[in-house]
Amino acid sequence: MFPQYDVIVVGAGHAGCEAAAAAANLGSKVLLVTMNMQTIAQMSCNPAMGGIAKGQIVREIDALGGYSGLVSDHSMIQFRMLNKSKGPAMWSPRTQNDRVLFSLKWRQLLENTPNVDFYQDTAKAIITKNNKVAGIITGLGNEIYSKSVILTSGTFLNGIIHIGEKQLGGGRLAEKAATGITEQLVSLGFESDRLKTGTPPRIDGRSLDYTKMEEQKGDEEISGFSFTQTEKPKKQLSCWITYTNTRVHEILKKGFDRSPMFTGRIDGVGPRYCPSVEDKINRFSQRERHQLFVEPEGWNTVEIYLNGFSTSLPEEIQYEAIRNIAGLEKARFFRPGYAIEYDYFPPTQLKHSLETKLIDNLYFAGQINGTTGYEEAACQGIMAGINAHQSINNKEPFILKRDQAYIGVLIDDLINKGTEEPYRMFTSRAEFRTLLRQDNADMRLTELSYHLGLASAQRMQNLSRKMDSVEKIKSILQSSIIESDESAAYLTGKNSSVLTSKQKASQILLRPAVDINSIMNSIPRLFESLKDFDKESLEQAEIQIKYEAYIEKEKQLAERISQLDNLPIPVNFNYDRISSLSAEAMQKFKKIKPETLGQASRISGVNPSDVQILLVYMGR
């Protein structure tokens with residue numbers, strides 16, 4: 001009934017979809033197994049993509065040839081570039097999306113990918129032979145064989161939904177949990193644990209009074225995620241801001257004695273940086289209000305997502321509290337908020353390729369590794385899909401380093417440090433964030449992906465044109481000599497000191513108040529030289545000139561650190577022979593089995609002295 005596949009992807013969430021697309025576009029024959037064909041790439045929580053650090057990840061996925069950026073652009077109902085008041089390393093694109101259109105576009109892209117087959121069923125076990133994966137056994141009892149398997153189970157592994165004192169089995173509300181996989185993997189020697197996440201109530205937008213809220217419009221200029229020319233919406237929908245208050249907090253506290261968070265019914269640890277509303281008012285009791293975002297779910301629906309009000313309190317408490325929020329006094333529920341508890345596998349059991357250490361050609365991606373968020377899942381998916389294809393074709397794994405991508409930071413953090421709470425990406429996690437900007441993701445990654453065979457020739461041509469344009473712009477700015485008299489009015493208007501002698505345009509651009517658009521529009525001959533270049537190339541040239549010293553400094557630091565990554569540790573290295581190692585370092589090295597000295601240095605609990613001892617012992 002079933003042919004043998006190169007790659008079986010279990011789960012069609014954000015990780016699974018990117019994994020299937022990547023492996024298939026590289027040439028592997030892929031089977032995507034999902035419990036429900038109608039929920040492919042479903043936005044289970046908020047209808048949005050990107051945000052702080054997450055937007056950088058979506059642009060990196062796009063630069064590699066993944067689909068998340070394309071789908072997000074196609075389904076956006078609002079676009080905002082966050083942190084524009086800060087330096088470009090902090091700029092983060094974010095889209096509000098049409099939930100239905102997002103899922104539909106993903107399915108269309110996958111159905112138009114020739115090497116992807118679909119099958120609606122669960123996976124209750126993997127098939128292994130000689131410590132190597134050989135396929136899966138489905139809930140209907142079918143044995144489907146493959147050369148590799150990627151598990152992207154999301155929140156479905158033994159999922160339990162909590163609403164007050166009610167408990168329901170499920171991976172999402174009204175969708176059953178997946179059983180069998182955890183128990184089998186544990187029997188094979190894997191460690192598992194429990195995590196928790198949550199979601200807020202969905203509300204009927206027709207019952208809200210928006211005049212009592214603050215309007216949050218999208219940016220006038222939409223850049224989007226994809227480095228390809230995707231069509232942008234001609235109009236945008238607004239989001240709205242409102243706040244909790246002391247009355248709301250008092251009502252919520254009435255339900256604490258029935259909250260699964262406070263009564264011990266939930267064992268899993270929840271996300272620290274996206275806490276439930278009851279957790280917020282408990283931990284930050286001194287605050288009189290908390291901000292809430294009222295977010296539309298799409299172009300053609302009245303359904304509203306109440307961002308910031310994630311909760312698992314009893315329904316009647318949720319209802320009463322929400323009706324005491326400004327603008328929500330007559331709110332009607334579509335469905336209540338709930339918490340969900342699920343199994344995950346501590347990611348220290350993985351290699352950098354996301355292949356498991358115990359079973360060859362078995363890969364984990366997404367929330368099964370302890371992450372939270374669509375973007376974190378999607379980037380793991382594309383990397384697992386690439387590496388599954390690489391492995392079965394006897395090619396080197398595709399590994400991104402910490403100075404190459406936020407994706408590299410995320411995976412390196414997971415496998416070296418593990419996580420005991422849902423992992424979320426932040427710009428502060430990246431020590432080379434000046435290098436890892438959202439604007440240069442294509443310049444960092446597209447050529448690498450093109451040589452793999454994933455990024456298209458068209459993407460490579462676009463990149464070559466962009467890089468050529470940037471160099472020409474920089475050359476023009478560095479060779480254009482600006483006279484004092486022609487720049488005086490412009491600099492005075494910018495509250496910047498006028499020139500005492502002529503100066504290169506590139507030097508003037510270094511001033512904090514000066515930007516490339518205003519200076520070229522104020523000096524006619526500079527405008528004539530630069531008018532034919534596109535906005536993206538002009539912005540990139542400006543960033544490179546303004547931040548050249550900082551970028552160079554980070555590059556030099558990255559090069560020094562990478563020297564340790566070039567020193568491999570033998571696979572069966574005997575750490576017991578080094579008695580001078582600290583007990584914690586000994587334990588972590590034996591458990592994680594770092595492949596290089598650089599990886600060893602990044603493991604939590606390992607001191608520089610431990611690395612130095614290892615360095616000396618290896619005769620380096």
Side-chain angles (χ1 to χ4, degrees), residues 52 55-56 59-60 62-63 79-93 219-227 229 427 430 432-446 462-484 486-499 502-555:
I52 308 300
Q56 283 88 328
R59 296 215 94 191
E60 289 176 354
D62 184 78
F79 176 84
R80 293 178 68 218
M81 183 67 79
L82 307 183
N83 280 342
K84 278 292 280 187
S85 62
K86 300 180 181 179
M90 305 299 287
W91 297 353
S92 302
D219 292 350
E220 288 186 13
E221 189 172 332
I222 301 173
S223 57
F225 285 114
S226 183
F227 289 97
Q229 295 301 310
T427 51
F432 303 114
R433 55 185 172 274
T434 305
L435 300 179
L436 308 183
R437 307 183 310 276
Q438 57 85 29
D439 60 86
N440 71 349
D442 56 340
M443 301 174 77
R444 290 185 276 119
L445 301 175
T446 295
N462 293 343
L463 174 62
S464 296
R465 280 196 294 268
K466 174 181 174 180
M467 294 176 73
D468 185 54
S469 293
V470 169
E471 290 306 313
K472 286 179 179 176
I473 294 166
K474 288 166 64 177
S475 178
I476 290 170
L477 291 169
Q478 287 161 356
S479 61
S480 296
I481 306 300
I482 307 300
E483 301 289 345
S484 177
E486 66 179 332
S487 62
Y490 168 72
L491 292 174
T492 300
K494 288 286 186 179
N495 293 320
S496 188
S497 58
V498 297
L499 300 180
K502 57 187 179 182
Q503 200 171 83
K504 292 179 181 178
S506 57
Q507 289 177 293
I508 301 174
L509 193 59
L510 294 175
R511 300 186 180 198
V514 176
D515 64 274
I516 196 165
N517 288 313
S518 63
I519 192 173
M520 65 181 278
N521 288 328
S522 299
I523 300 176
R525 63 188 179 88
L526 203 55
F527 177 82
E528 284 300 315
S529 300
L530 298 173
K531 66 179 182 180
D532 295 329
F533 292 101
D534 61 274
K535 177 184 178 296
E536 185 181 2
S537 297
L538 288 166
E539 182 181 83
Q540 182 61 220
E542 177 181 12
I543 290 170
Q544 289 188 21
I545 289 173
K546 275 184 173 290
Y547 297 92
E548 181 181 15
Y550 301 99
I551 291 169
E552 191 58 37
K553 185 177 179 180
E554 280 201 0
K555 283 182 178 177

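Counting from 1, the numbers follow the sequence of the chain as shown.
Judged as a side chain to side chain donor-acceptor pair (under 3.5 Å), and not counting sequence neighbours, E220 has no contacts. With sequence neighbours excluded, no residue forms a salt bridge (Lys or Arg N to Asp or Glu O under 4.0 Å) with D219. Partners of E539 by salt bridge (Lys or Arg N to Asp or Glu O under 4.0 Å), not counting sequence neighbours, listed by chain and number: K535. In this view, Y490 and S518 satisfy the side chain to side chain donor-acceptor pair (under 3.5 Å) rule, not counting sequence neighbours. Not counting sequence neighbours, the partners of S92 by the side chain to side chain donor-acceptor pair (under 3.5 Å) test are Q56. Under the rule for a side chain to side chain donor-acceptor pair (under 3.5 Å), S480 has no partner lying at least two apart in sequence or in another chain. Here E486 pairs with I482, E483, I523, R525 under the side-chain contact (heavy atoms from CB on, under 4.5 Å) rule; sequence neighbours left out.
Checking side-chain atoms of S484 against main-chain N and O of L499 turns up a donor-acceptor pair under 3.5 Å.
Taking 4.5 Å as the limit, some side-chain heavy atom of L491 sits within range of a side-chain heavy atom of V514.
Pairs passing the salt bridge (charged side-chain N to carboxylate O under 4.0 Å, His left out) check and including a residue from residues 543-555, sequence neighbours excluded, do not occur. Screening residues 503-517 for salt bridge (charged side-chain N to carboxylate O under 4.0 Å, His left out) gives K494-D515 as the qualifying pairs, with residues at least two apart or on separate chains. Applying the side chain to side chain donor-acceptor pair (under 3.5 Å) rule to pairs touching residues 435-445 yields R59-Q438, E60-R444, R437-D439, R437-Q540, D439-Q540, N440-R444, D442-K466, sequence neighbours excluded.
Judged by a 6.0 Å distance limit and a 45° cone about the ring axis, K84 is positioned over the six-membered ring of W91.
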Side-chain atoms of residues 470-478: list all donor-acceptor pairs with protein atoms under 3.5 Å, sequence neighbours left out, distances to 0.1 Å.
from	atom 1	to	atom 2	distance (Å)
K472	NZ	D468	OD2	3.2
K474	NZ	Q544	OE1	2.8

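Closest heavy-atom contact between L445 and A63: CB-CB, 4.2 Å.
Note: E536 CD to L538 CG = 10.5 Å, rounded to the nearest 0.5 Å.
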